[in-house]
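Encoded as structure tokens, the structure appears first; notes follow it.
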Amino acid sequence: MNKRLRTTGTEGYVLQIKKIGNATALILPKKLLAHLKLSEGDKIHVVEQTERGLKLSPYDPKHAEAMGFARRSFRKYGDTYKALAK
């Protein structure tokens, strides 16, 4: 097993933050990269979830654009959406 990777059963992976040169990095094991369908140089989207959790997924520019549109729409028409939800 890779020294930087420990699995915790059904809980997932325990990863360590490392200093690499002047940068700080989170090393993702090959198995996790394969599962996320990522390779070196790819971008990931990180979403903070409740209880200090994070969700990692491959960055999709089309999805990011659609979410930006949705956020602008909710800001502009928030009251309308709330009224329609009743």
[atom2] on [Y] to [atom1] on [X], rounded to 0.5 Å:
X     : Y     : atom1 : atom2 : value
Met67 : Arg72 : CE    : CZ    : 11.0 Å
Ser57 : Leu36 : OG    : CG    : 8.0 Å
Leu26 : Lys18 : CG    : NZ    : 11.0 Å
Lys43 : Asp60 : NZ    : CG    : 12.0 Å
Leu33 : Glu40 : CG    : CD    : 9.5 Å

Measure the shortest side-chain to side-chain distance between [X] and [Y] over non-hydrogen atoms and say whether it is less than 4.5 angstrom.
X     : Y     : value
Leu56 : Leu38 : no
Leu15 : Leu28 : yes
Val47 : Leu54 : no

Take atom [atom1] of [X] as the centre, draw a 6.0 Å sphere, and report whether it contains more than 12 heavy atoms from other residues, nucleotides or ligands.
X     : atom1 : value
Glu48 : CD    : no
Lys19 : NZ    : yes
Tyr81 : OH    : yes
Ile17 : CD1   : no

